[in-house]
Amino acid sequence: MKRTNYAGRTNESQIGEEVVLKGWVAKRRNLGGLIFIDLRDREGIVQLVFDEKQDPAAFKVANECRSEYILEVRGLVRERAEINPDLPTGKIEVEVKEANILAKSQTPPFEVKDNVDASEDLRLQYRYIDLRRPEMMKNMKLRSKVASIIHNYYDNNDFMDVETPDLTRSTPEGARDFLVPSRLYPGHFYALPQSPQLFKQLLMAAGVDRYYQMARCFRDEDLRGDRQPEFTQVDTEMSFATAEDIQDMTEGLIKRVMKEALNVDVKTPFPRMEWQEAMDRYGSDKPDTRFGMLITDLSDIVKDSSFKVFSGTVADGKFVRAICVPGGADHYSRKDITKKEDYIKRYGAKGLAWVKVTADGYNGPIAKFINDLAAPINERLGAKEGDLILFVADSFHVVADSLGYLREKIAHEMDMIKPGQWNYLWVVNWPMFEYDEGFGKWIAAHHPFTMLNEEDLHYLEDGEDPHKAHAQSYDIILNGNEIGGGSIRIHDPKIQEKVFKALGYTKEEARARFNFLIKGLENGMPPEGGLAFGFDRWVMLLAGADNIRDVIPFPKNSKGIEPMTAAPGTVDQEQLDELHIDVKDDSENN
RNA sequence: GGUCCGUUGGUCUAGUUGGUUUAGGACGCAUCCCUGUCACGGAUGAGAUCACGAGUUCGAGUCUCGUACGGACCGCCA
């Protein structure tokens with residue numbers, strides 16, 4: 001029997017026609033002499049009817065069917081007497097004349113339905129069953145659709161799809177590399193790419209001019225809900241382009257994806273926000289602009305306050321900043337606020353000061369210290385009776401992280417985010433370098449090949465402070481999530497040398513690490529720049545999923561294990577010998 | 001590397017201050033009845049050494065410690 005159409009696409013136009021369908025038994029309803037089976041394939045569900053009197057042979061097969069058996073059926077499409085409005089195929093049903101079981105199935109470990117009640121661990125172990133769920137199938141289809149639009153878009157704009165190697169060389173910058181031992185060269189290793197960054201720059205040196213690739217990338221770091229060790233980047237690079245050129249090109253793509261995949265019109269150009277403003281007002285380099293409650297600096301107002309925590313902090317050159325939670329006074333108890341305080345301590349905050357705004361002034365533990373400043377504070381924050389004001393007094397980064405977190409958390413808890421918003425924006429003008437407390441040295445905020453602003457070039461000269469420089473880099477943000485980032489690259493080897501110097505590399509160290517790139521610059525590199533999208537994360541947001549695993553067919557769990565195959569696993573001694581590898585026994589240290 | 005939370009039939013879960021609980025329910029599963037269901041209905045039934053190990057106690061699903069596994073977060077992710 002040759003299939004005539006997908007079960008889920010059977011429709012009224014086929015009434016009276018004979019169809020052949022193949023699919024899974026989603027549900028069986030046995031009424032005695034009459035059996036209904038919901039047949040499911042990737043496109044949806046259609047109701048089959050088996051009548052014992054009319055088609056006893058087919059009926060017998062239906063009687064044997066169990067959940068998730070795979071069936072082929074031949075039958076007549078007919079109109080239903082009573083339509084089911086909950087089903088896209090609810091106006092019709094298929095009267096089955098012939099049926100064969102193509103595969104039997106054990107009772108599935110969980111039911112194939114949309115409101116899953118199975119644990120994620122179990123879903124991942126039986127992922128092929130989990131993926132049958134319409135929700136998951138929909139996510140895979142969306143992913144496929146978006147990928148197709150991306151290919152189409154860049155192809156139409158003269159971008160060349162060029163593959164870069166997966167077996168490459170370890171570079172010490174950035175994330176930990178996944179290493180692949182070389183059989184031919186004992187003690188030598190390939191590394192899987194963290195991104196094709198250097199290759200795409202060298203493709204510009206090759207004259208490719210416009211490059212894109214759906215590139216697999218690998219980073220051996222701990223996982224998060226929006227982070228997997230292997231992921232897909234939409235990687236792009238353009239020669240002779242300015243930051244604006246690249247942003248325009250990217251906006252064009254986003255506009256098309258939103259229209260064609262979700263039928264949503266987004267307005268371009270997207271807003272541009274300075275990195276400094278994002279940090280000051282949103283406490284984040286990926287601001288969520290779907291709601292207000294902006295962070296407000298109060299340092300100047302409270303600098304002489306009798307509350308020593310505030311005045312002392314300002315005297316130390318640090319900051320007192322606050323958010324005003326509209327209607328927060330009733331919503332949050334003293335105990336709730338203590339919980340929030342405990343939470344922000346993980347960002348280094350020493351405490352969370354708060355007041356509730358009442359008709360008679362401030363209320364709360366620090367009210368007596370700052371009641372005299374209530375008028376200017378309320379005015380600046382726009383605070384009114386019934387609001388809750390949360391203050392953090394600390395260094396720039398601690399204040400930003402703490403209040404940035406609280407702003408997000410409270411917005412979710414108090415339902416301040418109206419659904420259906422797609423707030424794309426660019427965060428621009430990033431610092432070129434940032435100080436890493438852990439390593440005690442300056443590191444590249446973006447990566448070491450990022451071009452700084454032309455007017456900041458003088459900071460690289462002797463006797464100036466290079467760390468004041470800002471970069472020609474830009475991140476694309478959607479609803480408070482970083483979905484991509486890029487920059488104009490350094491194409492002048494002299495500037496590149498100065499940047500390496502500012503990062504504390506000697507010439508020899510820079511050569512040792514990035515020889516091939518430096519040579520590329522010396523052999524003539526066009527001015528160029530690009531951008532890379534986190535494809536998985538973007539699709540996650542487009543799908544409305546809150547976990548990146550829901551848009552990856554076979555993801556790793558939060559511990560980096562893939563539960564279906566149980567990777568990573570041990571290998572035979574023979575394989576290790578061939579790779580010249582001894583495995584250290586760490587058991588004593590554990 | 002660290003912090004917090006969780007683990008009870010196939011699945012999701014209830015289980016109070018440690019004691020009438022033969023560990024309850026829903027879904028699923030099995031058998032039987034049923035020709036218009038679509039969360040089908042009805043009847044009956046099977047299925048759990050309460051993650052593992054140690055401890056406290058007259059008595060542990062319940063308390064303590066450890067281990068394993070899972071989840072969230074901090075660090076990390078140029």
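All values below were derived from every heavy atom in this structure, side-chain atoms included, with hydrogens, water molecules and symmetry-related copies excluded. Protein chains get the first letters and strands the later ones, always in sequence-line order, with residue 1 at the start of each. Everything numeric in this text was worked out from a predicted model, so none of it was measured.
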Check: If you check every side-chain atom of A/Leu34, which of B/G28, B/A72, B/U35 has the closest atom?
Finding: B/U35
Notebook entry, point to check: Should A/Lys113 be listed as having a side-chain N or O under 4.0 Å from OP1 or OP2 of B/U11?
Noted result: no
Next item on the list: Examine the base of B/C38 for any acceptor or donor lying under 3.5 Å from a partner atom in the side chain of A/Arg80, and report the outcome as yes or no.
Entry: yes
Notebook entry, point to check: Between B/C40 and A/Arg29, is there an OP1 or OP2 to side-chain N/O distance shorter than 4.0 Å?
Noted result: yes
Notebook entry, point to check: Does OP1 or OP2 of B/C27 have a side-chain N or O of A/Asn115 closer than 4.0 Å?
Noted result: no
Check: So, A/Phe36 and B/U37: ring centres less than 5.5 Å apart, planes less than 30° off, yes or no?
Finding: yes
Notebook entry, point to check: Looking only at N and O atoms, is any donor in the side chain of A/Arg224 or the base of B/G75 less than 3.5 Å from an acceptor on the other one?
Noted result: yes
Check: Hey, is the side chain of A/Glu93 pairing donor to acceptor with the base of B/G36 inside 3.5 Å?
Finding: yes
Check: Could a donor-acceptor pair under 3.5 angstrom be found where the side chain of A/Gln47 meets the base of B/U37?
Finding: yes
Check: Looking at A/Lys200 and A/Glu528, does any basic side-chain N land under 4.0 Å from a carboxylate oxygen?
Finding: no
Next item on the list: Show the numbers, then the answer: is there a salt bridge (charged side-chain N to carboxylate O under 4.0 Å, His left out) between A/Glu221 and A/Arg227?
Entry: CA-CA 9 Å; A/Glu221 298 294 345; A/Arg227 216 164 72 194; over 6 Å; no
Note to self: Expressed as a whole number of angstroms, how long is the span from A/Glu120:CD to B/C69:P?
What the structure shows: 17 Å
Notebook entry, point to check: Are OP1 or OP2 of B/A72 and a side-chain N or O of A/Arg549 less than 4.0 angstrom apart?
Noted result: yes
Notebook entry, point to check: Nearest-Å distance, CG (A/Asp342) to C1' (B/C74)?
Noted result: 14 Å
Check: With the threshold set at 4.0 Å, does a side-chain nitrogen-carboxylate oxygen contact exist between A/Asp475 and A/Lys286?
Finding: no
Check: With A/Glu68, which of A/Arg40, A/Arg133, A/Lys104 fulfils salt bridge (Lys or Arg N to Asp or Glu O under 4.0 Å)?
Finding: A/Arg40
Margin query: Measure CZ/A/Arg133 against C1'/B/U11 and give the value in whole Å, please.
Written below: 13 Å
Next item on the list: Measure the acute angle between the ring planes of A/Trp442 and A/Phe433, then classify it against the limits of 30° and 60° as parallel, tilted or perpendicular.
Entry: perpendicular
Margin query: Tell me whether A/Glu98 at atom CD has more than 12 heavy atoms from other residues, nucleotides or ligands lying less than 6.0 Å away.
Written below: yes
Next item on the list: May I ask you to say what A/Leu122 touches in the nucleic acid, namely base, sugar-phosphate or nothing, with a heavy-atom cut-off under 4.0 Å?
Entry: sugar-phosphate
Tabulate protein N/O versus nucleotide N/O from nucleotides 31-33 of chain B, keeping only pairs under 3.5 Å, one per line.
from  : atom 1 : to      : atom 2 : distance (Å)
B/U31 : OP2    : A/Arg66 : NH2    : 3.4

Margin query: Below 30° counts as parallel, above 60° as perpendicular, anything between as tilted: where do the rings of A/Trp275 and A/Phe396 land?
Written below: tilted
Note to self: Ignoring hydrogens and geometry beyond distance, is the side chain of A/Asn84 in donor-acceptor contact with the base of B/C38 at under 3.5 Å?
What the structure shows: yes
Next item on the list: Go through the N and O atoms of the side chain of A/Arg176 and the base of B/G75, and report whether any donor-acceptor pair is under 3.5 Å.
Entry: no
Notebook entry, point to check: Does any donor-acceptor pair link the side chain of A/Asp51 with the base of B/U35 at a separation under 3.5 Å?
Noted result: yes
Check: In residues 469-494 of chain A, which ones come under 4.0 Å of RNA chain B, going by heavy atoms?
Finding: none
Next item on the list: Determine whether any donor atom in the side chain of A/Arg227 lies under 3.5 Å from an acceptor atom in the base of B/C76, or the reverse, and answer yes or no.
Entry: yes
Checklist line | A/Thr107 side-chain N/O to B/G10 phosphate OP1/OP2 under 4.0 Å | finding: no
Next item on the list: From the options B/C76, B/G71, B/U35, select the nucleotide whose nearest atom is closest to the side chain of A/Glu221.
Entry: B/C76
Might you list the N or O atoms of the protein lying below 3.5 Å from N or O atoms in nucleotides 1-8 of chain B, with each pair's distance?
from : atom 1 : to       : atom 2 : distance (Å)
B/G1 : O6     : A/Asp222 : OD2    : 3.4

Checklist line | Salt-bridge present (A/Asp342, A/Lys339; N to O < 4.0 Å) | finding: no
Margin query: If the threshold is 4.0 Å, N to carboxylate O, is there a salt bridge linking A/Glu111 and A/Lys27?
Written below: no
Margin query: From the set B/C29, B/C12, B/A39, return the single nucleotide nearest to any side-chain atom of A/Ser67.
Written below: B/C29
Notebook entry, point to check: So, are A/Asp41 and A/Arg9 salt-bridged, with charged N and O less than 4.0 Å apart?
Noted result: no
Notebook entry, point to check: Looking at B/G28, B/C77, B/G70, which one has an atom nearest to any side-chain atom of A/Asn557?
Noted result: B/G70
Next item on the list: Report yes if at least one side-chain N or O of A/Ser119 is closer than 4.0 Å to OP1 or OP2 of B/G71; otherwise report no.
Entry: no
Next item on the list: Measure the distance from CG on A/Asn63 to P on B/U37 and round it to the nearest whole Å.
Entry: 19 Å
Checklist line | Intermediate values then yes/no, side chain to side chain contact (heavy atoms under 4.5 Å, CB included), A/Asn5 and A/Leu21 | finding: CA-CA 6 Å; A/Asn5 58 273; A/Leu21 307 174; 3.6 Å; yes
